[in-house]
Amino acid sequence: MNMQAPRPAIRTTCAYCGVGCGVLATPDGAGGLAIAGDPDHPANFGRLCVKGSALGETVGLKGRLLAPRIHGQDATWDQALDLVATRFRDTIAEHGPDSVAFYVSGQFLTEDYYAANKLMKGFIGSANIDTNSRLCMASSVAGHKRAFGSDTVPGLYEDLEQADTVVLVGSNLAWCHPVLYQRLAAARDTRGTKVVVIDPRRTATCEIADLHLPLAPGSDAALFNLLLADIARRGMVSETPDGLDDALAAARLTLPSATGLAHSALRQFMDLWCNSDRVVTVYSQGINQSDSGTDKVNAILNCHLATGRIGRPGMGPFSVTGQPNAMGGREVGGLSNMLACHLDIDNATHRDAVQGFWASPTMADRPGLKAVDMFRAVEDGRIKALWIMCTNPAVSMPEADRVAAAIKACDFTVVSDMFATTDTARLAHVILPATGWGEKDGTVTNSERRISRQRRTLAAPGQARDDWRIIADVAARMGWADAFAWDSAAQVFAEHAALSGVAGALGSDFDISDHAGISGDGYDAMQPFLWPQSARQRGGRFFGEGAYHTPSGKARMLAITPRAPQPLTEEYPYRLNTGRVRDHWHTMTRSGLSPRLSRHLAEPFLELHPDDAARLGLAPATLARVSSAHGHAILRVLVTDRVARGQPFAPIHWTGETASAARVAALVPGAVDPVSGQPALKSAAVSITPFAAAWYGFAVSTRPIAAACDYWATGTLQAGHQAELAGLSTPQDWTATAQAMFGISADPVVVQDRQRGILRMAFTDGDQLRAALFVAREPAALSRSHVTAMLGTASQAQILSGRPGNDRPDEGAVICSCFNVGVNTILNGIASQNLITVEAIGAALSAGTNCGSCRPELKALLLRAADRTNARQPA
Ligand code: SF4
């Protein structure tokens, strides 16, 4: 444990989404952190969502990799670094620079990204470095470059507060960018902002929508083409970008039926868009993660460019990034088809300038492999040495089973990570311990181009090192010590800033060279700032007065021919929609450590329309086997009309560590957008069949649960662990099964009703509950909140009832994770205390009064209660 004296709050930034909220982290002197929102940070002004609020629950040493490992054995840094450098150097010598690759991460700090990019492109001489940001926003990058001539985000967060209409397309802002959602919701309350949500699902974001358009999957480009044609029909085209006529001609060919929307809904949308001068169109993974994502982006940009609604207060297209530093990666050239500082790898002048600045021996002279192609090259042996840093592609890549097999078969794989047990780290020859959030110094750039410091708040555990330092250590052993001789993250940042001055002189929009001479103290004191600080910029925005980075200086509109999504087949008749949940992040390596974040949705699930569920014979809370041509998953059935018929939804977060078969990316084909190379992770054609469980179970234990049945999904509790379980056949000896699962040799107390197929057993230590197992023929009907709260504290009688006593009502599923308020408590409060607003619920029950992430769900519960009341009224 890190024993440190208590210190004052340290200003840093959140580890999670692209909103980039400022955080005040106060070390407790014992290795922990108290977390609060930074009231002075311009991204959040003190707000944090539940994920940010729970950061302090994720900084312990649980599961941390504390020393390098070679073939599963602890090693010294010298041994590990020598081996990595030797294998990469030998591979390059024998097979050339393109036989090696780096796969990095949008959770890298900019300094890490800069070091990796410099090593691969300027010293190894290949551009085979790509990032998981390819999975997140590569289509936005490509769309920006086609339209603006540069990858420039034109607007600012405050535009969402100044707009008259905000359109959210392919974005569940309430759950994926909660603080930005809260800023929008507050502006809507104050100014009456109209909000349109365009999404096949009725998501939590719809709770503030004036209009929800449940368009046909993949028809976003058709919708914006129709809007463009309508803009022209109304005589609203006010600009003359290049390509205007062709774009209009293509738009006029689009049929309204392509969207699947009613004429009246389309009319309402177009009236809102056209009659509001100040319109912001926010888009995210629902647009980008498509095999025509770049066209969708340009269809959106076309509407803003034709009307000049860009780069001015309250108007513009706005791509919000999923990851905390996807933007920083774009700045340093972390994608395989970029150079550095928004310079072009295809441009010889740009390459020469960067090579001159780096004084490097070589320079990649063409784009490298993008993520999907990179793992194909690993699979077929073209890539023989692979270094994966700070990411988990064995879970997150499409066709994840195939990717995992390719990594496993690679001649030499290195993984740098905080944990040795991720699905990817378990496949590596060498694992290098990296520092994580809270332990490293650097910068991140959020979705509005604001660069903020992430500061070290805790000492590095064990032998963990910062990623930029690990990369520099390997570079030095490969013979380039002088070029990587940084002593601090501040020096890396200063070099990057200096390079941006070279880029700026070549016309790049990214120029932060004002910071090139920054000292260590200056870096420590750095305040969040927007780039660039040039005359082009007006109020922090781009393009309000033109000055695009195209040869003509004008914006470019693209002629977009909408593409229908891949057709479904008889074998795979459902179109699975994938996405995120409110309280988890990516592959849960960090958020899965937090008991608070594990309360909201504790198990992988499949949202299914009631008609589909009835047709498939799937009752609520049973299990479904979901299969595609590429893999399968077993998921809990959630029957809901939030999804359309034939369009089930499943979240992406669960891994081989946390569930038996719930890596949803394994179902998704490796199809990519032809321009950006971004995989179409949003959708997969699947079949669904019942998982014929002979029994269902629920277990809690103070120690990790070693489930060995056909279905399991684990979660973290305050006092231990929980697991949902199911099996296709019933074990002969339940006691032995439970003892093995819990690692306990003592005999349990057992309650059994053979006729009803119910079995309950508890393992105690004195009067303290150590573990319990509940088994039934049907999905285990018991109060999870009661059972989990009893762990480590209760008597057997209290636990084995599976329900709280009459004096303690069942909380139900947790809605407010901050105050642990369940759905039943909220519904009872609404009914018995006549609570009619979210604020009244907060005042009575505290729910929604901390981070506010659950407020959309509170609103939905109010509507549900009102519907019930109305249904009971006499006609
Ligand atoms: S919105 Fe939440 S997850 Fe995103 S940066 Fe802010 S606190 Fe972190």
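Whatever order the structure lists them in is the order used to number ligands and atoms, beginning at 1.
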Next on the checklist: Would Glu839 and Arg855 count as a salt bridge (Lys or Arg N to Asp or Glu O under 4.0 Å) here? Give the steps.
Outcome noted: CA-CA 9 Å; Glu839 288 68 31; Arg855 289 169 71 89; 2.7 Å; yes
At less than 4.0 angstrom from any non-hydrogen atom of [X], what atoms of ligand 1 do you find?
| X | answer |
| --- | --- |
| Val179 | 1 (S), 6 (Fe) |
| Cys14 | 3 (S), 5 (S), 7 (S), 8 (Fe) |
| Tyr16 | 3 (S) |
| Gly52 | 7 (S) |
| Pro178 | 1 (S) |
| Gly20 | 5 (S) |

Checklist entry - Taking NZ, NE, NH1 and NH2 as the nitrogens, is one of them in Asp38 or Arg11 under 4.0 Å from a carboxylate oxygen of the other? => result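 Here Asp38 pairs with Arg11 in a salt bridge, since their nearest N and O are under 4.0 Å apart.
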Next on the checklist: Looking at Arg596 and Asp583, is there a salt bridge between them, counting it only when a charged N and a carboxylate O are closer than 4.0 Å?
Outcome noted: no
Checklist entry - Can you tell me the protein heavy atom closest to atom 4 (Fe) of ligand 1 and the distance? => result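 Looking only at protein heavy atoms, the one closest to atom 4 (Fe) of ligand 1 is Cys17 SG, 2.3 Å.
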Checklist entry - Hey, does Cys341 have a side-chain heavy atom less than 4.5 Å from the side chain of His496? => result yes
Item to check | Leu48 touching ligand 1 at heavy-atom level, < 4.0 angstrom | outcome: yes
Item to check | Heavy-atom donor-acceptor pair, Glu448 side chain to Gly155 backbone, under 3.5 Å | outcome: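 It does not hold such a pair.
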Next on the checklist: Using the ring centroid of each side chain, check whether His515 and Trp531 are separated by less than 6.0 Å.
Outcome noted: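 Ring centres of Trp531 and His515 not closer than 6.0 Å.
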Checklist entry - Is NZ or CZ of Arg201 both nearer than 6.0 Å to the six-membered ring centre of Phe649 and within 45° of the ring axis? => result yes
Item to check | Heavy-atom nearest option to atom 5 (S) of ligand 1, drawn from Cys21, Gly18, Ser591 | outcome: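 Among Cys21, Gly18, Ser591, the closest heavy atom to atom 5 (S) of ligand 1 belongs to Cys21.
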Checklist entry - Quick check: does Cys49 have an N/O/S atom under 2.8 Å of atom 2 (Fe) of ligand 1? => result yes
